[in-house]
Amino acid sequence: MTAARDTEGQLPAPRLPAKLAAHPSVQAVLARRRTGDAARPPAVIDAAWLRELCLAAGADDAAAVSLDHPDLAGEREHAQSALPGTRTLIAMAVRMNRDNCRSPARSVANQEFHQADEQANHAARSVTQALQDAGYRALNPSVGFPQEMDHFPSERIWVVAHKTVAVAAGLGVMGLHRNVIHPKFGSFILLVTVLVDAEVSEHGQALDYNPCIDCKLCVAACPVGAIAKDGAFDALACTTHNYREFMSGFTDWAQTVADSEDAADYRSRVTDSESASMWQSLSSPPGYKSGYCLAVCPAGEDVLGPYLDDRKTFMDTVLRPLQDKKETLYVLPGSHAQEYARRRFPHKPVKEVTGGWHPPARRSAPTD
């Protein structure tokens, strides 16, 4: 319920205990209200002002969507838990540099992912602060990590599903590779969301077409066969390999350390390069092992030209280097990913891991 206002739209002075009413900060707040310096913000945020705010903060595109949107039914409880009173979600997209993402050198691609991550988080924080200064309540969940790890693995760990919100807001359409494809920037974007407790004068509209051109290059690029031509997606295969040095992959590595009898046994299980890579992910932001589906995607008006001009050259310079790269592929034992990787990429070593999803069998206690 909203408190009644007087004829000038001001809230009546609250009834306060004498000691609280005498506090200097309280008196200052009440004095500002009496003089009109603490005016309430407009009930509806102007969409043009909001968009300019987002672009000035560092976003490359932005749109608002009501939390009542039918496609966001699964987000309402989570959004209200994060920011009680949420009315609108503001989806923002930050561009990534394409050739960095396409590099077979994973250090280059990972740096691009994390730099764009930071830019998106910074942009969302700036928008949140500006909305707060304007008198609204607002909150910006992380682009990716950190997330709510106390929920893992039984519940979702993300505060809000950025891809779901972005599609509902009209920033793009979910592609075969399970990344949002922006009509202009293609797959080379990172997404972030701001929650606010007010309505916005205009909402984004869902795209009336799919920017995906159905080239199936993401299918050809995935080293563990997580993406199928018919649209099926093996999320477990994707996370087991691509997230090798995130959450579950780290758990698997830690279990390997714990299960090793000594240094020699550990080195027989984990190569020097794997140990160095895990150290790097612990000392720097964690590294993605693949992301090739995004790298090879030619969709988007700013991206599509070279593919249209010469598809063979595009595949020779963008797709083939990723397919030809010698790298370890991490798979679950007996999985489709294991069979696919060995058949499709025989030059890439395949390593069986638990993925951290299931602990290794406990060894029997030694007997005297």
Side-chain angles (χ1 to χ4, degrees), residues 44-47 49-96 113-134 136-149 151 155-175 178-185 187-207 294:
V44 178
I45 300 172
D46 179 70
W49 173 83
L50 179 61
R51 178 173 172 77
E52 286 303 315
L53 175 65
C54 294
L55 298 182
D60 291 290
D61 199 2
V65 59
S66 171
L67 187 58
D68 292 332
H69 190 289
D71 291 349
L72 299 182
E75 295 301 309
R76 287 173 198 145
E77 178 183 352
H78 301 286
Q80 292 291 356
S81 176
L83 182 72
T86 297
R87 306 283 295 279
T88 301
L89 304 178
I90 305 163
M92 295 191 289
V94 169
R95 287 185 296 166
M96 292 189 288
F113 293 146
H114 290 300
Q115 288 287 325
D117 225 47
E118 288 300 314
Q119 182 179 339
N121 276 324
H122 179 78
R125 183 176 183 274
S126 296
V127 170
T128 296
Q129 189 168 64
L131 289 170
Q132 174 185 271
D133 291 345
Y136 302 101
R137 294 175 58 247
L139 175 147
N140 60 296
S142 171
V143 171
F145 297 93
Q147 298 190 22
E148 304 303 293
M149 286 306 176
H151 296 173
E155 303 173 48
R156 70 183 236 176
I157 59 177
W158 50 94
V159 174
V160 65
H162 301 303
K163 294 179 183 180
T164 302
V165 174
V167 172
L171 291 191
V173 175
M174 192 77 77
R178 299 316 190 268
N179 294 300
V180 173
I181 304 178
H182 188 277
K184 185 176 182 181
F185 310 134
S187 295
F188 297 92
I189 57 170
L190 285 182
L191 302 167
V192 67
T193 309
V194 172
L195 287 61
V196 63
D197 70 340
E199 299 288 352
V200 175
S201 63
E202 184 179 343
H203 296 148
Q205 298 299 312
L207 294 183
L294 179 154

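Going from atom CZ of Arg76 over to atom CG of Leu89 covers 10.0 Å, rounded to the nearest 0.5 Å. Here His151 contributes atom NE2 and Trp158 contributes atom CH2; the two are 12.0 Å apart, rounded to the nearest 0.5 Å. Atom CD of Gln132 sits about 10.5 Å away from atom CG of Leu139, to the nearest 0.5 Å. One finds the OG atom of Ser142 at 6.5 Å from the CG atom of Asp117 (value rounded to the nearest 0.5 Å). Distance check: Leu191 CG to His182 NE2 gives 9.0 Å after rounding to the nearest 0.5 Å. Taken to the nearest 0.5 Å, the CG atom of Leu50 stands 9.5 Å off from the CG atom of Leu55.
Applying the 6.0 Å contact sphere to CD of Gln80 captures more than 12 heavy atoms from other residues, nucleotides or ligands. Other residues, nucleotides and ligands contribute at most 12 non-hydrogen atoms within 6.0 Å of the CZ atom of Arg125.
Scanning both residues, Thr88 and Ala64, for their nearest heavy atoms gives CG2-CB, 3.8 Å. Nearest approach of Ala91 to Ala169, heavy atoms of both residues: CB-CB, 3.9 Å. For Gly175 against Ile181, the heavy-atom pair with the smallest separation is CA-CD1, 3.9 Å. Closest non-hydrogen pair, Ala79 versus Leu67, comes out as CB-CD1, 3.9 Å. Across every non-hydrogen atom of Pro183 and Leu207, the tightest pair is CD-CD1, 3.8 Å. Taking both residues in full, the closest heavy atoms of Asn121 and Pro141 are given as OD1-O, 4.3 Å, listed atom of the first, atom of the second, then distance.
Residues His78 and Arg156 form a side-chain contact, since some pair of their non-hydrogen atoms from C-beta on lies under 4.5 Å apart. Counting heavy atoms from C-beta on, the side chains of Ile157 and Met149 come closer than 4.5 Å. Contact check for Val196 versus Arg87: no side-chain heavy atoms found under the 4.5 Å cut-off. Between Val167 and Asp71, the closest side-chain pair of non-hydrogen atoms is not below 4.5 Å.
A donor-acceptor contact closer than 3.5 angstrom links the side chains of Thr128 and Asn140.
Applying the side chain to side chain donor-acceptor pair (under 3.5 Å) rule to Asp60 yields the partners Arg95; only residues at least two apart in sequence or on another chain are considered.
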Practice prompt. Just do the side chain to side chain contact (heavy atoms under 4.5 Å, CB included) check on Val159 and Leu195 with the steps written out, would you?
Written response: CA-CA 11 Å; Val159 174; Leu195 287 61; 5.5 Å; no

Discussion item. Please evaluate residues Lys163 and Asn179 with respect to the criterion side chain to side chain contact (heavy atoms under 4.5 Å, CB included), reporting the C-alpha separation (whole Å), side-chain torsions for both, the decisive distance (0.1 Å), and the verdict.
Written reply: CA-CA 8 Å; Lys163 294 179 183 180; Asn179 294 300; 3.8 Å; yes

Worksheet entry | Check against side chain to side chain contact (heavy atoms under 4.5 Å, CB included), Val200 and Ile45 | CA-CA 5 Å; Val200 175; Ile45 300 172; 4.2 Å; yes

Practice prompt. Please assess Val94 against Val192 for the test side chain to side chain contact (heavy atoms under 4.5 Å, CB included), listing each intermediate value before the final yes or no.
Written response: CA-CA 8 Å; Val94 169; Val192 67; 5.5 Å; no

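Screening His162, Met92, Gln119, Met96 for a side-chain contact (heavy atoms from CB on, under 4.5 Å) involving Leu190 leaves a single residue, Met96.
The residues Asp61 and Arg51 are annotated as salt-bridged, a charged nitrogen and a carboxylate oxygen being separated by less than 4.0 angstrom.
Listed for the Ser81 side chain is no donor-acceptor partner under 3.5 Å among the backbone atoms of Glu77.
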